[in-house]
Visitor: 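Before I ask anything, here is the structure I am working with.
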2 protein chains.
Amino acid sequence: MKRGQHHGALRQLLIDTALGLLDRDGVEAVTIRAVARASGVSHAAPANHFADRRALLTALAVQCFIDLRTGASAARAAASPSPRARIIAFADAYVAYALAHPNRYRMMWRMDMLDPGDRALADLVDGLYAGVEEDVRALRGKDAHNAGDATTLLIALSSVVHGYVAMRIDGNFVAAIDETSGKPRHEAIIEQMIGQ
Amino acid sequence: MKRGQHHGALRQLLIDTALGLLDRDGVEAVTIRAVARASGVSHAAPANHFADRRALLTALAVQCFIDLRTGASAARAAASPSPRARIIAFADAYVAYALAHPNRYRMMWRMDMLDPGDRALADLVDGLYAGVEEDVRALRGKDAHNAGDATTLLIALSSVVHGYVAMRIDGNFVAAIDETSGKPRHEAIIEQMIGQ
DNA sequence: GTCATCCGATTGACAGCGTCAATACAAGGG
DNA sequence: CCCTTGTATTGACGCTGTCAATCGGATGAC
């Protein structure tokens, strides 16, 4: 055993416990001492696995970004090969994850509480829309009558998805059906942006 | 003098001091004690004006929302009476405010740190896009070839503006010019959403 | 003019927090 | 067998928000 007698066991326990506290009471409740208490260890035990609270929250964010990307990418891959369908499937799964885990999603974008120099986190954020980027370029390639370059459309899509979800989570508007299309509002928005 | 010898003076001083700390070091630095210290009063003096830290942050958010709405609404009113121009002017001013005061904008949407029951705050958030809503309805009324109802378009606009700004503030993408339109990216996005 | 009242500010205390230092303990390698 | 290494504990520090008790000065009544 290379790295201590049960290295990794407490680390994962702390992460799982912290996610429970996060889901229940929000990121403010995820304190090192509260996580240690809920995990049954002393208040300084987490220091062996996370340098400080920022490192703990960063590890949580990495875990959540992996979950989000895995879910959304799987939904995209399972959709029909048309770029439109893949983009919508991705956005649907993305929105579903965020609304199902509002405290996690909020924490994932609390960049002032996370470690901006963390490579894993930065890579996950940068690569979140990697698959969608291909879809957007495919869409733009075969359907050039829409104005705007592909990068602008990708940024528009990620902006509207993030903004919609953030507003929904904060209760600024509620789930609704678009009147003219009869589809969930966020789907109607995405469809309108990528053209019909 | 109805309400004490210099009631209101310290309150406003605390708010101004707190905004300074917020701009410099972020919302985490806006603690009651730090604000009191920087204002030259004892650590418990703010309690006479703000019940707790949440109330202080809520007062800051109210102030900032007023500033944002005033600026964006003024820009909208100063624009040509065409709905398109007014929406774009509003969005431009909105984005400019958020990018000029990133810590303020972040704090304004930290609903978990603010008082969700505060009437003034709720009214400001609800009424942020009041003017734009009229423009969107005017746009939909005279230009019905676009799909989607007006409410969906308004939500799409507010979502994309908020999401774009949040991502920019967090450094997830940078200022850029849309290749095909030659305009700032956020303008190109808005124009594409409301039709040319 | 004097006094009572009251609002605002101060001081002091408490628990909880992050973090650091010192210590204890168990396992593995020389 | 000892000693190094990594993990967990205990204790302490200063910071935070919040509460209670106190003080002080200006207002208003008389």
Visitor: Mind calculating the distance between CD (E28(A)) and P (dT16(D)) to the nearest angstrom?
Guide: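 Spelled out: CD on E28(A) to P on dT16(D) is 16 Å.
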Visitor: Measure from the side-chain heavy atoms of A45(B) and tell me the nearest of dA9(C), dC20(C), dG17(D).
Guide: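 Among dA9(C), dC20(C), dG17(D), the one nearest the side chain of A45(B) is dA9(C).
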Visitor: Can you classify the ring geometry of F65(A) versus W109(A) as parallel (below 30°), tilted (30 to 60°) or perpendicular (above 60°)?
Guide: perpendicular
Visitor: Could you tell me the separation between the CG atom of L13(A) and the P atom of dA8(D), rounded to a whole number of Å?
Guide: 10 Å
Visitor: Before accepting this row, confirm whether a basic side-chain N of the pair D135(B)/R84(B) lies closer than 4.0 Å to the acidic partner's carboxylate O.
Guide: no
Visitor: To the nearest Å, how far apart are R53(A) CZ and dT19(C) P?
Guide: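 My rounded result for the distance is 9 Å.
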Visitor: For L14(B) and dG17(D), what is the distance between atoms CG and P respectively, to the nearest whole Å?
Guide: 13 Å
Visitor: Is the phosphate of dC17(C) approached by R37(A) (side-chain N or O, under 4.0 Å from OP1 or OP2)?
Guide: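 Affirmative; the distance criterion is met.
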Visitor: Closest-nucleotide mapping onto DNA chain C: is A47(A) or A34(A) further toward the 5' terminus? I mean the 5' end.
Guide: A34(A)
Visitor: State which of dA9(C), dC17(C), dG18(C) makes the closest approach to the side chain of I32(A).
Guide: dG18(C)
Visitor: The side chain of R33(B) lies closest to which of these nucleotides: dT16(D), dA8(D), dC17(C)?
Guide: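 Taking heavy atoms from C-beta onward, the closest nucleotide is dT16(D).
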Visitor: Which of these nucleotides, dT19(C), dT9(D), dA13(C), is closest to any side-chain atom of D52(A)?
Guide: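 So the side chain of D52(A) is nearest to dT19(C).
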Visitor: Rounded at 0.5 Å granularity, tell me how far OG in S159(A) sits from NE2 in H186(B).
Guide: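 Nearest 0.5 Å value for the OG-NE2 distance: 11.5 Å.
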Visitor: Output yes when D112(B) and R106(A) qualify as a salt bridge under the 4.0 Å nitrogen-oxygen rule, no when they do not.
Guide: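 Result for this pair is no, no salt bridge flagged.
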Visitor: In whole angstrom, give the distance that lies between atom CG of L21(A) and atom C1' of dC17(C).
Guide: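 Taking atom C1' of dC17(C) as the reference, CG of L21(A) is at 15 Å.
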Visitor: For Y105(B) and H162(B), take the angle between the two ring planes, folded into 0 to 90°, and tell me which bin it lands in: parallel under 30, tilted 30 to 60, perpendicular over 60.
Guide: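 The arrangement is tilted - the two ring planes meet at 30° to 60°.
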Visitor: May I have the distance from L56(B) (atom CG) to dT18(D) (atom P), rounded to whole angstrom?
Guide: 10 Å
Visitor: Return whichever of S42(B) or A51(A) has its heavy-atom-nearest nucleotide of DNA chain C closer to the 5' end.
Guide: S42(B)
Visitor: For R54(A), which contact category applies under a 4.0 Å heavy-atom criterion: base, sugar-phosphate, or nothing?
Guide: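 The answer is nothing, as R54(A) stays clear of every strand by at least 4.0 Å.
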Visitor: Which whole-number value in Å describes the distance from F50(B) CZ to dT18(D) C1'?
Guide: 16 Å
Visitor: Among the nucleotides dA13(C), dG17(D), dG18(C), which one has an atom lying closest to any side-chain atom of H43(B)?
Guide: dA13(C)
Visitor: Hey, does the side chain of N48(A) come within less than 4.0 Å of dG6(D)'s phosphate (OP1/OP2), counting only N and O?
Guide: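 Checking N48(A) against dG6(D): no side-chain N or O falls below 4.0 Å of OP1 or OP2.
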